[in-house]
Engineer: 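My structure is below; once you've seen it, I'll send some questions.
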2 protein chains.
Amino acid sequence: MGVSLKDVAQRAGVSIKTVSNVVNNYPHVTPQMRARVQQAIDELGYRPNLTARHLRKGRTGIIAFAVPELGNPYFAELAGAVIDAAAVHDYTVLVDHTAGLREREVLVSQEFRAHVIDGLILSPIHLENEDLLARQESSPLVLLGEREYEAPYDQIAIDNVAAARTAVRHLLDLGRRRIAFLGSRTSRERRPAHLRLRGWREEHAAAGLRPDENLVVATEGYGRADGAAAMAELLERGERPDAVFAYNDLIALGAMRTLTERGLEVPADVAVVGFDDIEESRYGAVTLTTVSPDKPAIARLAVDRLVERLAGGTLSEPQRIRPGYRLIVRESTRTRRTGA
Amino acid sequence: MGVSLKDVAQRAGVSIKTVSNVVNNYPHVTPQMRARVQQAIDELGYRPNLTARHLRKGRTGIIAFAVPELGNPYFAELAGAVIDAAAVHDYTVLVDHTAGLREREVLVSQEFRAHVIDGLILSPIHLENEDLLARQESSPLVLLGEREYEAPYDQIAIDNVAAARTAVRHLLDLGRRRIAFLGSRTSRERRPAHLRLRGWREEHAAAGLRPDENLVVATEGYGRADGAAAMAELLERGERPDAVFAYNDLIALGAMRTLTERGLEVPADVAVVGFDDIEESRYGAVTLTTVSPDKPAIARLAVDRLVERLAGGTLSEPQRIRPGYRLIVRESTRTRRTGA
DNA sequence: GTGAAAGCGCTAACAT
DNA sequence: ATGTTAGCGCTTTCAC
C-alpha cells in the first residue's frame with residue numbers, strides 16, 4: 001500500500017496528530033514544525049487516503065447525478081453545469097444514466113453506491129410516486145425534470161405547462177392553426193402528467209380553439225430518430241400540420257429532417273418549436289425556435305439545495321423550485337405570414 | 001449513523017463474521033443460519049457501508065473518466081459508452097471535465113480523488129509529455145484522443161493520420177482541389193502533433209498536389225461557434241475553397257451554418273467532411289460525411305485495459321491500441337460532380 | 001461452519 | 001503546541 005500518516009510521522013519524528021494538523025492546515029502549528037513535516041511529506045510522496053477520511057467523517061464529498069441518457073445534449077450540457085456547480089462547493093460528481101427505465105431509476109434512487117455518495121440529483125422519466133414513497137435511503141435527493149411528484153423531496157423544474165403555452169401561443173400568433181404535438185409518451189402510465197401536452201391543450205382552449213387530437217403523436221423515446229419517425233407517421237396519415245411543437249429539441253430536429261426530406265419548407269410550410277435550447281438548435285441550416293430553460297440555474301439550484309441539506313442546517317421543507325425559462329425565437333418560426 | 005454489521009449480528013445473535021459471510025455470499029453458511037441473518041438484515045434495513053469496505057480492500061470500484069467538455073456530443077456519447085463498459089465489470093464512473101486546460105488535465109492526472117478512484121481514463125488536449133513523465137500517482141491511467149505521447153501508459157486512439165487521409169482522399173476523388181482544413185490548434189505547442197492536419201498534407205502530397213496552406217484555419221476551441229468563425233474568416237480573406245475538412249463534426253457543422261448564411265450550397269459549392277460521427281451529423285438539413293471512430297470499441301478497450309491493470313494480472317507493456325474507424329459518406333459530399 | 005480480534009488510514013476527544 | 005488513543009465499518013487471518 002501507499003504511504004500513510006504513520007510513515008510520515010515516523011520519518012519526521014513527530015506524532016501522527018501533528019502530521020494530520022499540517023495536512024489539514026490546522027492553525028496552531030509552529031512554522032518550523034510545519035516545514036519539517038512538510039519535508040517528510042514531500043520526501044515520501046505522501047497523499048492522504050481519502051477513503052479513510054470518508055469513513056471517519058461519514059461524508060465523501062461525492063454527489064451523484066443520474067440522467068436518462070448522456071447522449072441527449074440537454075442532459076450532457078446539464079451534467080457539465082452540475083459538475084461546475086458542485087465544484088464550487090468542493091463536491092465531485094458521479095454521473096450515471098438510467099436509459100429512462102423505471103427499474104434503473106428506482107435502483108439508483110434507492111441504493112446507488114450507498115455511503116459513497118453524499119446525495120443524489122435525479123432526473124427521472126418513468127419513476128413513479130410510489131417508488132419515491134418507498135425509498136429507504138436517508139441521503140438527500142433532489143429531483144429534476146418534467147414530472148412532478150407528491151413526495152417529500154426537493155424538485156427543481158421550470159413551469160412546463162406555462163412554458164409550453166408560451167410556445168404554442170407563439171405559433172398561434174403566427175397564424176398557425178394546425179399545430180402538431182410530437183413526443184407524447186407512449187408507455188402506459190398511472191399519472192399521465194404530460195405537462196407540455198397539457199400546455200398545448202390549454203393554450204388552444206385559451207384562444208377559443210379546439211386542437212385536433214389527431215395531431216398528437218406519441219414516440220417511443222426522445223431522440224432525433226423518434227422525432228423523424230413521428231413526423232413521417234403524421235404525414236403518412238395524411239395530416240398536414242402548419243406547425244409543430246415538439247417535446248424537446250431532438251424530436252424537433254428529427255422532425256425538421258423529415259420535413260426537409262419530403263420537400264416541405266421550414267418555416268414557410270411548417271413552423272417548428274422545440275424545447276431545451278441545446279446548442280445544436282443554434283447551428284442548423286434553419287435554426288430552431290425553442291423554449292430555453294435556464295440550465296446553469298437549474299444545476300446551481302439543485303446542487304445548492306443538496307449541499308444545504310448535507311450541511312444539515314435549518315432544514316426547510318422540501319420545495320418545488322421553478323427556475324426561469326425564455327422562448328428563443330429563431331428561424332424555424334421566423335416568417336412573414338403573420339396575424340390570425 | 002446507519003445500521004452496521006455489529007447491529008445485525010447483535011439482532012441475529014451471531015457474530016459479525018457470520019453476518020459478513022452472508023452479505024458476501026460466502027458459500028459455507030448453513031441455509032438456516034443464512035435465513036436467520038437475512039431476516040435481521042431485512043428488519044434493520046442494513047446496507048453495507050461501501051466506504052469501509054473500500055478502506056479495507058484498498059479498492060473502490062470507481063474509475064474516473066475525464067474529458068475536455070461534456071457539452072461536446074462526441075465526449076458525451078463516449079462517456080455513455082464508458083459508463084456502460086464499466087458497468088460490465090461492476091465499476092462506477094466518475095465523470096469530470098477539464099475544459100481542455102493543461103493545468104486541469106495535469107491536476108486530474110496527478111491527484112484526482114486519490115484513493116477514491118481505482119483508475120483514470122483521460123482524454124487530454126493540452127497535456128504535455130513531460131506532465132505525464134512527472135506523474136507521481138501509481139494508479140493506472142489510460143489515455144484517449146488525438147495526441148500521442150511517449151510515456152508508459154496505454155493509449156487508445158484510431159490512426160488519426162490515416163483516417164484524415166481517407167477523408168481527404170474522398171474529397172480529392174470528388175474532384176475537389178481547394179480543400180480547407182478547419183481547426184488546427186492555435187496555442188503554442190512543443191510538439192505540434194496535429195495528426196489530422198498532417199493527414200491532410202500527406203494525402204495531398206500522395207496525390208502529387210501541393211495544398212494551399214492559406215486554407216488552414218486555426219480555431220480557439222472545438223465547438224460549432226469556432227467552426228462558424230473559422231469559415232467566416234476564410235471567406236472574408238477572399239479564399240474560396242471547394243471543400244472543407246474539419247477537425248471534428250462540431251467545427252464542420254458550424255462551418256456549414258456559415259456557408260448557408262452566405263448563400264453557398266453544400267455540397268454543390270463546398271463539400272464538407274467532419275470527424276467523430278456524432279448523432280447530430282445524421283440529422284441536419286444536409287447530413288454530414290464524417291470519419292466515424294468506433295466509440296463503443298474505444299470505450300470498451302479503455303475500460304478493459306484499465307480493469308486488466310487493476311486486476312494486476314500479467315502486466316503487459318503499455319500499448320498503443322488502434323480501434324477501427326470508417327468514413328461515412330452522407331449528403332455533404334454526395335454530388336454528381338465527380339472525377340478529377 | 002462460526003467466533004474473536006486485528007487493522008485498513010484517518011479524525012477528533014482528550015491529555016499533557 | 002503536540003502526543004495518545006479510540007473508533008468509523010468492514011474484511012480477514014486464525015482459532016475453535
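Each chain gets a letter, A, B and so on, in the order the sequences are listed, and its residues count up from 1.
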Engineer: Between C1' on dA13(C) and NZ on Lys17(A), what's the gap in Å once rounded to a whole number?
Structural biologist: 9 Å

Engineer: With a 3.5 Å distance limit and no angle check, can you tell me whether Glu105(A) reaches the backbone of His126(A) through a side-chain donor-acceptor pair?
Structural biologist: yes

Engineer: Taking CG from Leu55(A) and P from dA6(D), how many angstroms apart are they, rounded to a whole number?
Structural biologist: 17 Å

Engineer: Among all residues two or more places apart in sequence or in another chain, which pass the side chain to side chain donor-acceptor pair (under 3.5 Å) test with Glu103(B)?
Structural biologist: none

Engineer: Short of 4.0 Å, heavy atom to strand atom, which residues of residues 18-33 of chain A count as contacting DNA chain C?
Structural biologist: Ser20(A), Asn24(A)

Engineer: Can any side-chain N or O of Gln136(B) pair as donor or acceptor with the backbone N or O of Gly45(A) at less than 3.5 Å?
Structural biologist: no

Engineer: Between Leu5(A) (CG) and dA12(C) (P), how many Å, whole number?
Structural biologist: 12 Å

Engineer: Looking only at non-hydrogen atoms, find the nearest pair between Asn129(A) and Glu150(A) and report the distance.
Structural biologist: OD1-N, 2.6 Å

Engineer: Lys6(A) has an atom NZ; how far is it from atom P of dT5(D), in whole Å?
Structural biologist: 13 Å

Engineer: Has the side chain of Thr60(B) got a donor or acceptor atom that lies under 3.5 Å from a matching backbone atom of Val116(B)?
Structural biologist: yes

Engineer: Which residue lies toward the 5' end of DNA chain C, Ile16(A) or Val14(B), if each is placed at its nearest nucleotide?
Structural biologist: Val14(B)

Engineer: Nearest 0.5 angstrom please: Phe75(A) CZ to Leu70(B) CG, how far?
Structural biologist: 13.0 Å

Engineer: Quick one: does any side-chain atom of Arg47(B) pair with a main-chain N or O of Val3(B) as donor and acceptor, under 3.5 Å?
Structural biologist: no

Engineer: Expressed as a whole number of angstroms, how long is the span from Arg59(A):CZ to dT11(C):P?
Structural biologist: 13 Å

Engineer: Closest to the Asn49(A) side chain: dC10(C), dC10(D), dG3(D)?
Structural biologist: dC10(C)

Engineer: Rounding to a whole Å, what distance do you find between Lys57(A):NZ and dA13(C):P?
Structural biologist: 11 Å

Engineer: Can Asp154(B) and Arg309(B) be counted as an ion pair, charged N to O under 4.0 angstrom?
Structural biologist: yes

Engineer: Is Glu148(A) salt-bridged to Arg322(A), cutoff N-O under 4.0 Å?
Structural biologist: yes

Engineer: Figure out the CZ/P separation between Arg53(B) and dC10(D), and round it to whole Å.
Structural biologist: 8 Å

Engineer: Under 4.0 Å: is that the gap between some side-chain N or O of Ser15(A) and OP1 or OP2 of dG3(D)?
Structural biologist: yes

Engineer: Between atom CZ in Arg56(B) and atom P in dG7(D), what is the gap in whole Å?
Structural biologist: 19 Å

Engineer: Going by number, which of residues 38-46 of chain A have a non-hydrogen atom under 4.0 Å from DNA chain D?
Structural biologist: none

